[in-house]
Structure formats: structure tokens, C-alpha cells
Amino acid sequence: MPELPEVEIVRRGLDQFVVGRRIHTVEVFHPRAIRRHVGGQADFIARLTGQTVDAARRRGKYLWLPVGEDALLAHLGMSGQLLVGPADAPLSPHVRVRFTFDDGGADLRFTDQRTFGHLLVSPDGAQLPAEIAHIAPDPLEDVFDLAWLTARLRTRRTGIKRALLDQSLVSGVGNIYADESLWRVKLHYARGADRLRPGQVAGLMGAVVEVFTEALKDGGTSFDSLYVNVNGESGYFDRSLNVYGRAGEPCPRCGTLIRRDPFMNRSSYYCPFCQRRPRNGRW
DNA sequence: ACTACGTCCTGCTTGC
DNA sequence: TGCAAGCAGGACGTAG
């Protein structure tokens, strides 16, 4: 569920409450949380203990905290949270990794019910971790290149939503914001990515930026307690969703009932009137 | 090389 | 009522 806006909210919280502080202790409670750290648990702990957090950066749904030349890289997965709170508070059941700081203030807890998220230390990863070299820039970055994306989409023999969810083409978009963006520009999720005119790609990415910006203003989308900011507070953009999770409800634009289709082992929500299905799967 | 699908994981919801 | 199946889904490995 955390997509770009939710991860950005977390990044801002880390920027405010963690940057500039020196890590005192690192405790790993669940090995799966650092499964992608190549050096193992002892190495993970050793590389972070005593280091000062220099910044909080983000690309798409990944965020990283530069510590000297290295970086602590984080992906929240489905249910990951980075929580800043009283160091003496009892550990909740799903705390996977805990960081304390030299100043004795609030600690940082990586909490993750479904354990799809992970942390790792990226050597020399302060600028851009090598582990995410394949992740394309997100549409809120200065280096985002619309012309490059347009060219890549032209050779893609797949539906536009699959392409939108492919983080090597454009990052930060997940199932919720993909459906919301496609609804805004009246595109069906199965429209051939290679059949879109450049103007349509530009319009779609404009809608993505629009939805991201509005969601950021609302503090992100929270359906339940699984997404919260670093202080444990929920966002309320779910109230502004037009189609996602609204099967059977009227389309806010035309009144036709929203539909839900099975899609990639998940769901696609769309208005069957505003977003016409391609006749032969490619249109 | 490119695309599609299964897998990981837990807890809440739905249905028989 | 109770249990089982369904559902949520990001990213990666593998199959085709």
C-alpha cells in the first residue's frame, strides 16, 4: 500500500526526527527484515552502529538514509512502517528492527506485519544505492524524463497499467494510484502501452503527478492502520479516491457503476463507461 | 530480450 | 459457530 506519496510522508518524518542523530544501537528481531543485506546480521549492525544519519532520500517507493559513504536502504513493502517514538515504549509484536540514538531521545522502529518490506546497508550508496540502479526516476524528480518514458512505452507489448506498475519504466506508482490516474485520463488498464500517442502519455503522467500531489497534501492513503507516518498517524486521501476500492459505487464523473476486474493476482477498479475496454485487448 | 506469472507473508473478511 | 478459503499486494526469480 505505501506508494510514492506515503513513502514521501515517511521520508519527511525521518528528515525531521532522525537526520543529524548518531545511531547508538541496532537490534534485529526478525532475520527476514534484512534478508537482502548481503553481509548478514552482524555486518548490518556493525555498519550502522556509531554512524550519523546525514539525510533522508527517496526514489519511487525506496528511501535511504546516507550514513557517511554508505546508506541504510529501506523498502516498506506492503505493511512496513518506520516509527519514531519513546524509546521506553513496549515493543509491539511486529517490530523487526530497532535503532536507538546517542542523544537518548526517541528511537526508530521498523515495524512490518507482512514482512514484504526490508532494510539493507548499501556500501557507497549515499548518493544512489547500487541495489536500486534498475529503478527508474519517479515523476516528481527533476531527472524524470518524459520523452524517454514515451519512447520506452512505444516498444512495450503490454497493457498500460502493467507498464505503469513496472518500476524500471517509471517508479512510485502502485495499484491504487495507477487506477486513480487511469480514471482521470479515461484510459482502460488494458490499453496497449505502445498504442498511446505522446500526448496521451503526457496526459497520463500529468494525472499521476496530480494524484500524487493531492495525496501528499492529505498525508497519504490509509485504509487501515497498516500505513502511518513516523508518528503513527494515518493519512486521509482514501476519502478522495474516485475508483479504487469502490466497486458497485457510481462513477463520480458519469454515474456508471464502478467495476472491479481481477488483474495480476490483484484488482483493477475502473469506470466501464469512461474507460472503454479495448476491443481485442490492443486498441 | 522481453513478457507473464508464481511466490513470499500475516491478519482480516467472507462464505459455507 | 467454526473453520477454510479469499483477499490485500511490491518486487523479484523463473518460466515461457
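So that the names make sense, note that chain A is the first sequence line, chain B the second, and so on, each numbered from 1.
A salt bridge is defined here as a Lys NZ or Arg NE, NH1 or NH2 lying under 4.0 Å from an Asp or Glu carboxylate O, and A/D138 with A/R59 fails to meet this definition. Salt-bridge annotation for A/E131 and A/R36: absent, with no side-chain N of the basic residue lying under 4.0 Å from a carboxylate O of the acidic one.
Atom P of nucleotide C/dG10 and atom CD of A/Q81 are separated by 16 Å, given to the nearest angstrom. Computed from coordinates, the A/H75 NE2 to B/dC8 C1' distance equals 14 Å when rounded to whole Å. One interatomic measurement links the two molecules: CZ of A/R35 to P of C/dA11, which rounds to 12 Å at whole-angstrom precision. In this structure, CZ of A/F110 is placed 14 Å from P of B/dC9, rounded to the nearest angstrom. Atom P of nucleotide C/dA11 and atom CD of A/Q167 are separated by 4 Å, given to the nearest angstrom. Regarding A/D179, its CG atom lies at a distance of 15 Å from the C1' atom of C/dG10, rounded to whole Å. Distance, A/I135 CD1 to C/dG10 P: 13 Å, rounded to whole Å. Following rounding to the nearest Å, A/R152 (CZ) and B/dA1 (C1') show an atom-to-atom distance of 11 Å.
Checking the phosphate oxygens (OP1, OP2) of B/dG11, a side-chain nitrogen or oxygen of A/H94 falls inside 4.0 Å. Taking 4.0 angstrom as the limit, A/S79 places none of its side-chain polar atoms (N or O) nearer than this to OP1 or OP2 of C/dA8. Contact annotation: A/Q113 does not reach the phosphate of B/dG11 (side-chain N/O to OP1 or OP2, under 4.0 Å).
Of the candidates C/dG10, C/dA8, B/dT3, B/dT3 carries the atom nearest the A/R157 side chain, counting heavy atoms from C-beta on. Across B/dT3, C/dA8, C/dG10, the shortest atom-to-atom separation from the side chain of A/R266 is found for C/dG10. Ranking B/dC9, C/dC7, C/dC12 by closeness to the A/R260 side chain, first place goes to C/dC7. Checking C/dA11, C/dA8, B/dG11 against every side-chain atom of A/M78, the shortest atom distance belongs to C/dA8. Of the candidates B/dC9, B/dT7, B/dT10, the closest approach to any side-chain atom of A/R32 belongs to B/dC9. Here the nucleotide nearest the side chain of A/R114, chosen from C/dA8, B/dA4, C/dG10, is C/dA8. The nucleotide whose nearest atom lies closest to any side-chain atom of A/N175 is, among C/dG10, C/dC12, C/dA8, C/dG10.
Heavy-atom distances to DNA chain B give each of A/D166 and A/H30 a nearest nucleotide, and the one nearer the 5′ end belongs to A/D166.
Taking the six-membered ring where the residue is Trp, the centroids of A/Y62 and A/H75 are separated by under 6.0 Å.
As judged by a 4.0 angstrom heavy-atom cut-off over every strand, A/R36 is placed among residues touching the sugar-phosphate backbone only. In this structure, A/H134 reaches the sugar-phosphate backbone alone: every heavy-atom distance under 4.0 Å involves primed, P, OP1 or OP2 atoms, never a base. Residue contacts for A/Y62: at a heavy-atom cut-off of 4.0 Å it reaches the sugar-phosphate backbone alone, with no base atom in range. The residue A/D112 sits apart from the nucleic acid: no heavy atom pair falls under 4.0 Å.
One finds the CZ atom of A/R152 at 13.0 Å from the CG atom of A/D194 (value rounded to the nearest 0.5 Å).
Distance alone, capped at 3.5 Å, is enough to place a donor-acceptor pair between the A/R35 side chain and the A/R32 backbone.
Residue ring and base: A/F116 does not count as stacked with C/dA11 (centre distance below 5.5 Å and interplanar angle below 30° not both satisfied).
Within a 6.0 Å sphere centred on CZ of A/F273, heavy atoms belonging to other residues, nucleotides or ligands number 12 at most.
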